[in-house]
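A short write-up of the structure that comes next.
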2 protein chains.
Amino acid sequence: MTDYNIKIENVVASTKLAEEFDLTKIEAEFEGAEYNKQKFPGLVYRVSNPKAAFLVFTSGKVVCTGAKNVDDVHTVIADMAKKLNGIGIDTLEKPDITVQNIVASADLKAVLNLNAIAIGLGLENIEYEPEQFPGLVYRIDEPKVVVLIFSSGKLVVTGGKSPENCEEGVEVVRQQLDNMGLL
Amino acid sequence: MTDYNIKIENVVASTKLAEEFDLTKIEAEFEGAEYNKQKFPGLVYRVSNPKAAFLVFTSGKVVCTGAKNVDDVHTVIADMAKKLNGIGIDTLEKPDITVQNIVASADLKAVLNLNAIAIGLGLENIEYEPEQFPGLVYRIDEPKVVVLIFSSGKLVVTGGKSPENCEEGVEVVRQQLDNMGLL
DNA sequence: TCTTAATTTAAATACCTATTTAAATAGCTT
DNA sequence: AAGCTATTTAAATAGGTATTTAAATTAAGA
């Protein structure tokens, strides 16, 4: 299977770092933290190196997004736990980290006729409303991902739970386009 | 072909004067220069003798508008390059200047019945909504210009890439009105 | 009362709209 | 008198459009 410049662009993960958090205290101690309960129940905190953003909830659960790969997710979450410990907040040892969504980009290096593709792929799994959005939306059953197909040949794969999901999604699209003689 | 007081009123041209510009520096050095990045990505700078206005971009590209003829465009652009050199900014030698749009006015010296003209010219190339705008909008295919026709007999020709475009546009209108017995 | 939707965060992709500048013309409103 | 309506055109940027996903809370609808 050729690479097609598949690149993971965003990893979203969730975990539980404590039994509960006092978000008002965290907002006070973490520079840049945003907590506006009327607007959203979570506290927003952004970090760099690696770059990521956290949604922190009173339940002790945490959502981490923006990382470029799964390793970075583990790094920033560990950093986050350390930083919380630094202000006197205990966190769970070895939290169970679950990757919930991966977004990847790819490039088939070909100009695609999206109208022909829409007809060839059939209407059940696709949406193509060029007036609304220039990409063709293709929902795959296995792996269960959504692929945005652009006329430039570029793809966006989203919904993956692992990097392999995204790669397989690209391969499914490539094969189908090849079988239809549209690639 | 009679003149009909055709007068060029505005010439818009674009060119590239450098590989890049530091707009903050230019704004600081050029009195009257306006650069508000939130509002518009270009720096606005107005000059006189000849009168014109520049939009200057970080890419080194420049839009010049407001000049009354093509010669003035070349004059003010050369002046602009000199002024930039004066504050220590190098500019390209002999920049390629492209005239992008010319607006001209003309006077058929007759009172026109715009309703009759709208019917006579046919609906495909015209728009006439007097509640919205008093001029009849007439889009010509060749030359590719747009002529605003007013009941006073005055015309505005816009979209021309050369003075000849505008003159030909006036002639097309004059002939069609003459053929329809409306002039 | 239950269900659904929205809110927020990040990211790639690509197309659209709007922004700003100048000028003539002429009708309307403030 | 000033501003709007409409027309044209380059330049570059921002925001919107769409997709996915966790988390917790609120609002609206049935």
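Lettering of chains follows the sequences in order, A, B, ..., and the numbering in each one begins at 1.
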>> Does the protein touch nucleotides 22-30 of chain C at the base, only the backbone, or not at all? Give it as B, S and - per nucleotide, heavy atoms under 4.0 Å.
In response: BBBBBS---

> Separation of Ile149(A) atom CD1 from dT20(D) atom P, in whole Å?
Replying inline: 14 Å

Output a table of donor-acceptor pairs, distance under 3.5 Å, between side-chain atoms of residues 86-96 of chain A and any protein atom two or more places apart or on a different chain; print 'none' if there are none.
residue	atom	partner	partner atom	Å
Thr91(A)	OG1	Asn85(A)	ND2	3.1

> So, Tyr138(B) and Gln176(B): side-chain donor and acceptor under 3.5 Å apart, yes or no?
Replying inline: yes

With the criterion being N/O to N/O and under 3.5 Å, what pairs connect the protein with nucleotides 23-27 of chain D, and how long is each?
residue	atom	partner	partner atom	Å
dA24(D)	OP1	Ser59(A)	OG	2.5

> Pick one: which of Leu155(A), Asn125(A), Ile126(A) meets side-chain contact (heavy atoms from CB on, under 4.5 Å) with Val147(A)?
Replying inline: Leu155(A)

>> What's the separation between atom OH in Tyr4(B) and atom CD in Glu171(B), rounded to the nearest 0.5 Å?
In response: 7.0 Å

> What integer distance in Å separates Leu23(B):CG from dT21(C):P?
Replying inline: 15 Å

Identify all side-chain donor-acceptor contacts of residues 99-118 of chain B below 3.5 Å with residues at least two apart in sequence or on another chain.
residue	atom	partner	partner atom	Å
Gln100(B)	OE1	Lys161(B)	NZ	3.4
Gln100(B)	NE2	Ser14(B)	OG	2.6
Asn101(B)	OD1	Gly159(B)	N	2.8
Ser105(B)	OG	Glu9(B)	OE2	2.6
Asp107(B)	OD1	Lys109(B)	N	2.8
Lys109(B)	NZ	Asn5(B)	OD1	2.7
Asn113(B)	OD1	Asn115(B)	N	3.1
Asn113(B)	OD1	Ala116(B)	N	3.1

> Contact class for Glu131(A) vs. all strands (heavy atom < 4.0 Å): base, sugar-phosphate, or nothing?
Replying inline: nothing

>> What is the distance, to the nearest angstrom, from the OH atom on Tyr128(A) to the P atom on dT19(D)?
In response: 15 Å

>> Looking at Lys144(B), I want to see if its NZ is surrounded by more than 12 non-hydrogen atoms of other residues, nucleotides or ligands under 6.0 Å.
In response: no

> How would you label the contact of Glu129(A) with the nucleic acid (heavy atoms, under 4.0 Å): base, sugar-phosphate, or nothing?
Replying inline: nothing

> Under the side-chain contact (heavy atoms from CB on, under 4.5 Å) test, which residues partner Val137(B), sequence neighbours left out?
Replying inline: Glu127(B), Arg139(B), Val146(B), Leu148(B)

> What is the distance from CG of Asn36(B) to C1' of dT13(D), rounded to the nearest Å?
Replying inline: 12 Å

Without placing hydrogens or testing angles, list every side-chain donor-acceptor pair under 3.5 Å for residues 29-58 of chain B, not counting sequence neighbours.
residue	atom	partner	partner atom	Å
Glu34(B)	OE2	Arg46(B)	NH1	3.1
Asn36(B)	OD1	Gln38(B)	N	3.3

